[in-house]
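Have a look at the structure below, then the notes.
Order of the sequence lines fixes the chain letters, A, B, ..., with proteins taken first and strands second; residue numbering starts at 1 for each chain. Values reported hereafter were calculated over all heavy atoms of this structure, with side chains retained and with hydrogens, waters and symmetry mates removed.
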Number of protein chains: 2
Amino acid sequence: MGVTKSKLFSPAQNELAELAKALAHPARIAILQHLLKARACINGDLVLETGLAQPTISQHLRALKALNLIQGTVEGVSMSYCINPGRWQEVRALFNGFFDAYTPLPGADDCC
Amino acid sequence: MGVTKSKLFSPAQNELAELAKALAHPARIAILQHLLKARACINGDLVLETGLAQPTISQHLRALKALNLIQGTVEGVSMSYCINPGRWQEVRALFNGFFDAYTPLPGADDCC
DNA sequence: TTTATTCATTGCAATATTACGATGAATAAA
DNA sequence: TTTATTCATCGTAATATTGCAATGAATAAA
């Protein structure tokens, strides 16, 4: 029914899924990569950068801001967005923890 | 229009987004964590584990299998799934590369 | 004041996702 | 053969996402 039954899962599982959802669109990946490279970037550049319409970019920025992955300040007429450094490390650690849960058994084809 | 304009983005951006999408649901996070812990697991266990209906689990497993994150073999009457070790490392490296693109500038509040 | 620029919000249409019941296929057990 | 078990697929309904045009708010420039 298009409804995800969050109550069946742990807060950690729901949080990781929500963060993954924020990364689950190439436009948002592109926006983040641009912010990572440029250290800061006004909204208008992103419209040129991605080829998407301005309202669409604005919507993706809002999604990223909702999870605190980015932050923005007014820069004259423009809006300047950038990565939220602390949150970025936090999220990186969450994903690392998830992926590192797998450790191959030494010298064994442990799998089907 | 509910359609993501993949052509506007690089193959790497699209691939990372697609992988993130696979992780963008707590049920799939839970399934993967269970497979990581149990090393292997029959389908029926996952139904009990998650509290979701069997067709729903089957659908999530198919999504994970489509990206090669998991693999399955017939185990008598049951189906045994497990992590695809090589692919897991590959995906881990992709996410690491993405997150590591951020390096805080030494001794500078470089951000807005 | 008027106009231009920049970004956010709203409203709509198209598509995708989530979930489940019903059904099908395949094997094992009686 | 008949029945039970296990998983996949199909069909469905409900909800979410994506994208844009239109519009609004705010500031700067003329």
### Query
Between A:R62 (side chain) and A:I57 (backbone), is there a donor-acceptor pair under 3.5 Å?
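No, the answer is negative, given that no donor and acceptor are paired below the 3.5 Å cut-off.
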### Task
Nearest 0.5 Å please: distance from the OG atom of A:S80 over to the CD atom of A:E75.
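Going from the OG atom of A:S80 to the CD atom of A:E75 covers 5.0 Å.
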### Query
By a strict heavy-atom criterion of less than 4.0 Å, which residues belonging to residues 50-59 of chain A are in contact with DNA chain C?
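Under 4.0 Å from DNA chain C: A:Q54, A:P55, A:S58.
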### Task
Give me the residues of residues 26-36 of chain A where at least one heavy atom lies under 4.0 Å from an atom of DNA chain C, by number, or none.
none
Please tabulate, for the side chains in residues 41-54 of chain A, all donor-acceptor contacts under 3.5 angstrom to protein atoms that are two or more places apart in sequence or on a different chain.
unit_1 : atom_1 : unit_2 : atom_2 : d
A:T50  : OG1    : A:L46  : O      : 2.8
A:T50  : OG1    : A:L52  : N      : 3.3

### Task
Output all residues satisfying side chain to side chain donor-acceptor pair (under 3.5 Å) with A:R92, sequence neighbours left out; order by chain, then residue number.
A:Q89, B:D100
### Task
Produce a footprint string for nucleotides 25-30 of chain C: one letter per nucleotide, 5' end first; B if the base is under 4.0 Å from any protein heavy atom, S if only the sugar-phosphate is, - if neither.
---S--
Please give, in whole Å, the distance from [N] [atom2] to [X] [atom1]?
| X | N | atom1 | atom2 | value |
| --- | --- | --- | --- | --- |
| A:L23 | D:dT18 | CG | P | 12 Å |
| B:K21 | D:dT18 | NZ | C1' | 10 Å |
| B:M79 | D:dT9 | CE | P | 10 Å |
| B:N43 | D:dT6 | CG | C1' | 8 Å |
| A:H60 | D:dG19 | NE2 | P | 4 Å |
| B:L61 | C:dT18 | CG | C1' | 15 Å |
| A:E75 | C:dT6 | CD | P | 14 Å |
| A:L64 | C:dA8 | CG | P | 12 Å |

N/O donor to acceptor pairs below 3.5 angstrom from side-chain atoms of residues 11-35 of chain A, sequence neighbours left out:
unit_1 : atom_1 : unit_2 : atom_2 : d
A:Q13  : OE1    : A:S10  : N      : 3.0
A:Q13  : OE1    : A:S10  : OG     : 3.4
A:Q13  : NE2    : B:Q33  : OE1    : 2.8
A:N14  : ND2    : A:S6   : O      : 3.0
A:N14  : ND2    : A:F9   : O      : 3.4
A:N14  : ND2    : A:S10  : O      : 3.3
A:H25  : ND1    : A:A27  : N      : 3.0
A:R28  : NE     : A:A22  : O      : 2.8
A:R28  : NH1    : A:H60  : ND1    : 2.9
A:R28  : NH2    : A:K21  : O      : 3.2
A:Q33  : OE1    : B:Q13  : NE2    : 2.8

### Message
Just to verify, what does A:F95 make a ring-ring contact (aromatic ring centres under 6.0 Å, His included) with, not counting sequence neighbours?
### Response
B:F95, B:F99
### Task
Establish, with yes or no, whether the OP1 or OP2 oxygen of D:dT9 is under 4.0 angstrom from a side-chain nitrogen or oxygen of B:R62.
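The answer is yes; a side-chain N or O of B:R62 sits under 4.0 Å from OP1 or OP2.
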### Task
Ignoring backbone atoms, establish whether A:Y81 has a side-chain N or O less than 4.0 Å from OP1 or OP2 of C:dT6.
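Result: no.
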### Message
Please find the pair of heavy atoms, one from B:Y81 and one from B:L61, that lie closest to each other, and give the distance.
### Response
CE1-CD1, 3.5 Å
### Query
What heavy-atom pair brings A:Y102 and B:L36 nearest, and what distance separates the two atoms?
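Looking at all heavy atoms of both residues, the closest pair is CB-CD2, 3.3 Å.
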Do [X] and [Y] come within less than 4.5 Å of each other through their side chains, counting heavy atoms only?
| X | Y | answer |
| --- | --- | --- |
| A:R39 | A:C82 | no |
| A:N68 | A:N84 | yes |
| A:I83 | A:L69 | no |

### Message
Counting runs of three or more consecutive pairs, Watson-Crick or G-U wobble, with each distance below 3.5 Å, where are the stems of DNA chain C?
### Response
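When the pairs of DNA chain C are grouped into runs of at least three, the stems are C:1-30 with D:1-30.
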### Query
Going by heavy atoms closer than 4.0 Å, what residues in residues 3-17 of chain B are next to DNA chain D?
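Within residues 3-17 of chain B, the residues near DNA chain D are B:V3, B:T4, B:K5.
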